[in-house]
Amino acid sequence: MKISLADLNNFIEKTNNGIDYKIKKLKIKKLVYSEAAFWKIPHKSEDKVDICLKIGRYKNNGSPENDTPKSELTLDNDEFLNLISFIQSYYKPLEMGVNSFIPIDNSNSMHLLQKFKSLMGSDEETAKLLLESGLLSDNITLTIDLIKKKVGYDEFNNSINCNLAESYWQTWFKNNKWILGSEYLYILTERNIDTQNITDYLVKAFDGFLDIVEIKKPNGLKFWMEAKDHDNYVPSSDLIKAITQCQNYIYEIEREANSLKFIQRTKGTKVIKPRCLLIYGRSNDWNEEQQEAYRILNASYNQITILTYDHLILRAKNILGINTDITSQVDDDIPF
């Protein structure tokens, strides 16, 4: 919406001392209301003005003259300009393809308050006020989520060449579910199919059904056999063992589909044709023929998808908007 100069003159109010200001109520509740005010402070000795911003929450006593502050925050000119710069900077993620904001709910609101408190140097009440006002909530939430993903990506990238135990990667994936893809709603706390079969993760897919994620460490396990067979690349014995393990998990889950105890342990998640995502090995040094063999291998399984750690790096870069040429490194079957 564009505002003409005439509208702007009507928009601005003046105090008895000639100071321009504008006050806007942000939200009115039964007992309290929140309010934002701009002030234009002229300098006597210099030909310039300062713009200040005050945001406050006040007890609603029915008359503005009798209202008493519950919390207030006043930003001077420099703080206000820095705040504008801060907001503008974190609109940048929108240019990276992010088309929706993450809502603030009870599960992450305290985390956001603490993060915003550290950024603004304000008390918790003021941070809560700014978030509830709607002035910054979308951007702060989006920013914290992207920062968390970037930290996880850096840790992943720095650890992938280290010979770390499988348990390290199990913990990393649990804390960074986003890299597994949007097809999973959340990871279940239950891992046991039965007393003999324990998966790395049982997950609830976006369609409400149960799936499996199985993780092997990136190093020390060969993806292809050393020698070709009939001039074809074939999976290594370690990979065949991992695929067989996934197939066995799928079979055992289907056997437990009608078990009341299993249904209770998986929080009622339905079981119909469970799929398994197997994360295994590296693909950073594959040639074109190996990439083609990988596509053929994945196409041969109806309920199993195999991804390497390098495929996940490319997925993470895609999510974070990090430029990369994936044309020669990843096939079309990888679900970005």
Side-chain angles (χ1 to χ4, degrees), residues 107-108 111 145 147-205 210-224 235-253 256 261-262 265-267 269 271 274-285 294 297-298 301 303-317 319-320 334-335:
S107 65
N108 63 13
H111 175 68
D145 179 69
I147 289 173
K148 182 179 178 181
K149 288 178 180 176
K150 182 60 168 61
V151 170
Y153 166 77
D154 289 340
E155 183 181 348
F156 185 98
N157 212 25
N158 292 332
S159 302
I160 194 170
N161 291 316
C162 302
N163 190 20
L164 300 172
E166 193 173 303
S167 58
Y168 168 86
W169 291 106
Q170 290 173 343
T171 301
W172 188 93
F173 281 103
K174 183 178 180 181
N175 295 331
N176 295 272
K177 182 192 76 68
W178 59 273
I179 204 171
L180 297 176
S182 57
E183 59 266 37
Y184 302 125
L185 291 178
Y186 56 82
I187 296 174
L188 299 175
T189 55
E190 181 61 44
R191 295 174 53 200
N192 293 42
I193 300 173
D194 52 35
T195 55
Q196 295 182 329
N197 295 280
I198 303 174
T199 65
D200 286 329
Y201 302 115
L202 292 175
V203 297
K204 186 171 184 177
L210 189 71
D211 282 338
I212 309 164
V213 176
E214 187 64 20
I215 297 168
K216 302 301 179 184
K217 61 183 183 179
N219 302 303
L221 297 173
K222 294 184 181 299
F223 199 99
W224 305 111
S236 69
S237 58
D238 287 331
L239 179 54
I240 291 297
K241 289 177 183 177
I243 293 172
T244 303
Q245 183 182 21
C246 292
Q247 291 172 325
N248 182 64
Y249 285 160
I250 291 171
Y251 171 71
E252 295 296 340
I253 284 179
E256 295 289 329
K261 289 184 178 180
F262 183 75
R265 287 191 286 113
T266 56
K267 301 180 180 180
T269 308
V271 177
R275 294 183 54 82
C276 181
L277 172 63
L278 172 61
I279 300 171
Y280 181 103
R282 303 292 304 274
S283 57
N284 57 317
D285 59 351
Y294 164 76
L297 177 67
N298 249 344
Y301 297 107
Q303 292 177 265
I304 298 175
T305 299
I306 307 168
L307 291 180
T308 69
Y309 280 75
D310 296 287
H311 291 147
L312 291 180
I313 286 180
L314 293 171
R315 171 184 281 176
K317 287 182 176 181
I319 292 172
L320 295 173
I334 296 177

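Both backbone and side-chain heavy atoms feed into the values below; hydrogens, waters and symmetry mates do not.
Checked by atom type and distance alone, the side chain of Trp172 pairs as donor or acceptor with a backbone atom of Gly152 at under 3.5 Å. In this structure, the side chain of Asn192 does not engage the main chain of Ile198 through any donor-acceptor pair within 3.5 Å. No donor-acceptor pair under 3.5 Å is formed between the side chain of Asn163 and the backbone N or O of Asn219. Formation of a donor-acceptor pair under 3.5 Å by the Gln303 side chain with backbone atoms of Pro274 is found in this model. No donor-acceptor pair under 3.5 Å is formed between the side chain of Lys204 and the backbone N or O of Asp211. Side-chain N or O atoms of Arg315 include one that pairs as donor or acceptor with a backbone N or O of Ile179 at under 3.5 Å.
Under the 6.0 Å cut-off for aromatic ring centres, His311 and Tyr294 qualify, their centroids lying closer than that.
Note that the CG atom of Asp154 and the CG atom of Leu320 stand 8.5 Å from one another [nearest 0.5 Å]. To the nearest 0.5 Å, atoms CD1 (Ile250) and CD (Gln247) are separated by 7.0 Å. In this structure, NZ in Lys216 is found 9.5 Å from CG in Asp238, a value given to the nearest 0.5 Å. Between the CG atom of Asn248 and the CD1 atom of Ile243 there is a distance of 14.0 Å, given to the nearest 0.5 Å. The OH atom of Tyr249 sits 9.0 Å away from atom SG of Cys276, with the distance rounded to the nearest 0.5 Å. Between atom NZ of residue Lys149 and atom CD1 of residue Ile319 there is a gap of 6.0 Å, rounded to the nearest 0.5 Å.
Closest approach of Lys217 to Leu164, counting heavy atoms only: CD-O, 3.8 Å. In terms of heavy-atom proximity, Ala316 sits nearest to Tyr153 at CB-CD1, 3.6 Å. Nearest heavy-atom pair, Asp200 versus Val213, reported as atom, atom and distance to 0.1 Å: CB-O, 3.4 Å. For the residue pair Ile160 and Pro218, the shortest heavy atom distance occurs at O-CG, 3.9 Å. Closest non-hydrogen pair, Ile306 versus Asn298, comes out as N-OD1, 2.9 Å.
Within the 4.5 Å cutoff, no side-chain heavy atoms of Leu278 are placed close to those of Leu307. No side-chain heavy atom of Arg275 sits under 4.5 Å from any side-chain heavy atom of Ile212. Side chains of Leu210 and Val203 form no contact here, defined as non-hydrogen atoms less than 4.5 Å apart.
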Note to self: The test is side-chain contact (heavy atoms from CB on, under 4.5 Å); show your working for Ile193 and Thr199 and say whether it passes.
What the structure shows: CA-CA 7 Å; Ile193 300 173; Thr199 65; 3.5 Å; yes
Margin query: Walk me through whether Leu297 and Phe223 qualify under side-chain contact (heavy atoms from CB on, under 4.5 Å).
Written below: CA-CA 11 Å; Leu297 177 67; Phe223 199 99; 4.0 Å; yes
Next item on the list: Determine, stepwise, if the pair Ser237 / Ile240 fulfils side-chain contact (heavy atoms from CB on, under 4.5 Å).
Entry: CA-CA 5 Å; Ser237 58; Ile240 291 297; 5.5 Å; no
Margin query: For Leu202 and Thr269: C-alpha separation, side-chain torsions, deciding distance, then whether side-chain contact (heavy atoms from CB on, under 4.5 Å) applies.
Written below: CA-CA 10 Å; Leu202 292 175; Thr269 308; over 6 Å; no
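Residue Tyr280 forms a side chain to side chain contact (heavy atoms under 4.5 Å, CB included) with just one option from Leu221, Thr308, Ile215, and that option is Leu221.
Shown here are the ring pair (Phe, Tyr, Trp, His ring centres under 6.0 Å) partners of Trp169, two or more places apart in sequence or in another chain: Phe156, Tyr309. Partners of Glu252 by salt bridge (charged side-chain N to carboxylate O under 4.0 Å, His left out), not counting sequence neighbours, listed by chain and number: Arg255.
The residues Arg265 and Glu190 are annotated as salt-bridged, a charged nitrogen and a carboxylate oxygen being separated by less than 4.0 angstrom. A salt bridge links Asp310 with Arg282: at least one charged nitrogen is closer than 4.0 Å to a carboxylate oxygen.
Around the OH atom of Tyr251, the shell of radius 6.0 Å holds no more than 12 heavy atoms that belong to other residues, nucleotides or ligands.
Side-chain contact, Asn197 with Asp194: a donor N or O sits under 3.5 Å from an acceptor N or O.
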